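Structure first, then comments.
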Amino acid sequence: MAKTTTRYVCSNCGRSFASYLGRCPNCGAWNTIEEEVVAAPAAAKQAAPRHTSDGHQIRPQRLDQVEIQKETRIGSGLGELNRVLGGGIVPGSLILIGGDPGIGKSTLLLQVSGTLAHEGSKVLYVSGEESASQIKMRAGRLGVGKSGMYLYPETDMPSITQAIDDMHPDYVVIDSVQTMNVPEMSSAVGSVAQIREVTAELMRIAKSNTITIFIVGHVTKEGAIAGPKILEHMWIPCCILKATCITRIACCGQ
């Protein structure tokens, strides 16, 4: 039986402590520290080496031998989204889309997915909140019902990773990151530990396979993305949907 330990993690900033505290000393938030049971890893797994877009394994390289490549950006079909992304989508990037409930995060990404699939790209839309039939009906209302994208209603990360490995899509949409689950972790779905692990795995997939991944992030009642510091510290390009516009709050990591 794997040995387990208990720690207390702030759901607002992600800082961990050895004992419970009513107020987080790091971010100052009250009643945000939650108990988390951590299981020791059974065995160390060797991570797959990263490769370039042309299939070569990435190795240490002298600075004067590095070739500067022109950055390719792909249009999303929506001018405002292209603008906040710096001119378009960068292949291999991980992009967070956040916003208030009902603001249109899923609708925006469904439109973008339909446009990209219509142009010949292979798109996998993973939903942890809606069934395939619900997504198909909404896609029909948006006029992208026959675009050829793939739908996968799943929340289990190993299954999602396997599907991506089998399909080799150009784009993946994860709706939403708070509903995804890593079974090896005893933490509740949507907890800081789960979000951290899921996002790290998606980052690995995006960078290792040059797959662009969009992830939907819910917001708290204060208007911040749930688990915001965890995602910000991983340097993810982040777009926040407002009532009148799309706002870019972080553009690092592209």
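Since we're looking at a predicted model, the values are computed, not measured.
Closest approach of I195 to G190, counting heavy atoms only: CD1-O, 3.5 Å. Pairing each heavy atom of L96 with each of V216, the nearest pair is CD1-C, 4.2 Å.
Between atom CG of residue L116 and atom CE of residue M149 there is a gap of 9.0 Å, rounded to the nearest 0.5 Å. K105 contributes atom NZ, which lies 10.0 Å from atom CD1 of I97 (distance to the nearest 0.5 angstrom). Between atom CD1 of residue I211 and atom CG of residue L94 there is a gap of 11.5 Å, rounded to the nearest 0.5 Å. Separating the CZ atom in R23 from the CG atom in N31 is a distance of 11.5 Å, to the nearest 0.5 Å.
Not a single donor-acceptor pair under 3.5 Å links the side chain of R7 to the backbone N or O of E36. Proximity of a side-chain donor or acceptor of S93 to a complementary backbone N or O of I95 within less than 3.5 Å is not detected. At distances below 3.5 Å, at least one donor-acceptor pair connects side-chain atoms of T212 with backbone N or O atoms of G92. Without hydrogens or angle criteria, Q194 side chain to Q178 main chain gives no donor-acceptor distance under 3.5 Å. Judged purely by atom type and a 3.5 angstrom limit, N181 has no side-chain atom pairing as donor or acceptor with the backbone of D156.
Cluster annotation: I213 is connected to M167 through the hydrophobic network of ILVMFWY side chains, with a link wherever side-chain heavy atoms come within less than 4.5 Å. Under a hydrophobic-cluster definition in which Ile, Leu, Val, Met, Phe, Trp and Tyr are linked whenever side-chain heavy atoms come within less than 4.5 Å, directly or via other members, L85 and I74 are assigned to the same cluster. Grouping the Ile, Leu, Val, Met, Phe, Trp and Tyr side chains by contacts below 4.5 angstrom, directly or via other members, places Y150 with I164. There is a path of hydrophobic side-chain contacts, each under 4.5 Å, that joins V182 to I205. Two different hydrophobic clusters hold M137 and L110 under the rule that ILVMFWY side chains link at heavy-atom gaps under 4.5 Å.
Proximity of V144 to H118: side-chain heavy atoms (C-beta onward) are nowhere separated by under 4.5 Å. Contact annotation: the side chain of E129 approaches that of S176 to within less than 4.5 Å [non-hydrogen atoms, C-beta and beyond]. In this structure the side chain of T155 never reaches within 4.5 angstrom of the side chain of V189, judged on heavy atoms. Between Y171 and I89 there is a side-chain heavy-atom pair separated by less than 4.5 Å. The shortest distance between side-chain heavy atoms of Q134 and L151 does not fall below 4.5 Å.
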* Begin from the C-alpha positions of T199 and M203 and carry the test side chain to side chain contact (heavy atoms under 4.5 Å, CB included) through to its verdict. => CA-CA 6 Å; T199 307; M203 178 75 78; 5.5 Å; no

* Asked: Should E80 and L78 be marked as a side chain to side chain contact (heavy atoms under 4.5 Å, CB included) after you check the CA-CA gap, both sets of side-chain angles, and the distance that decides it?
  -> CA-CA 6 Å; E80 185 70 6; L78 299 175; 5.8 Å; no

* Go through the steps to decide whether E201 and M180 satisfy the test side chain to side chain contact (heavy atoms under 4.5 Å, CB included), and finish with yes or no. => CA-CA 11 Å; E201 175 65 10; M180 299 298 126; over 6 Å; no

* Could you go step by step and tell me if S76 and N82 meet the side-chain hydrogen bond (donor to acceptor under 3.5 Å, both in side chains) rule? -> CA-CA 6 Å; S76 66; N82 290 338; 2.8 Å; yes

* Dump the intermediate steps for side chain to side chain contact (heavy atoms under 4.5 Å, CB included) on S159 and Y152, then the final yes or no. => CA-CA 10 Å; S159 300; Y152 189 32; 3.6 Å; yes

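Remark: E67 CD is loosely packed, at most 12 non-hydrogen atoms of other residues, nucleotides or ligands lying under 6.0 Å away.
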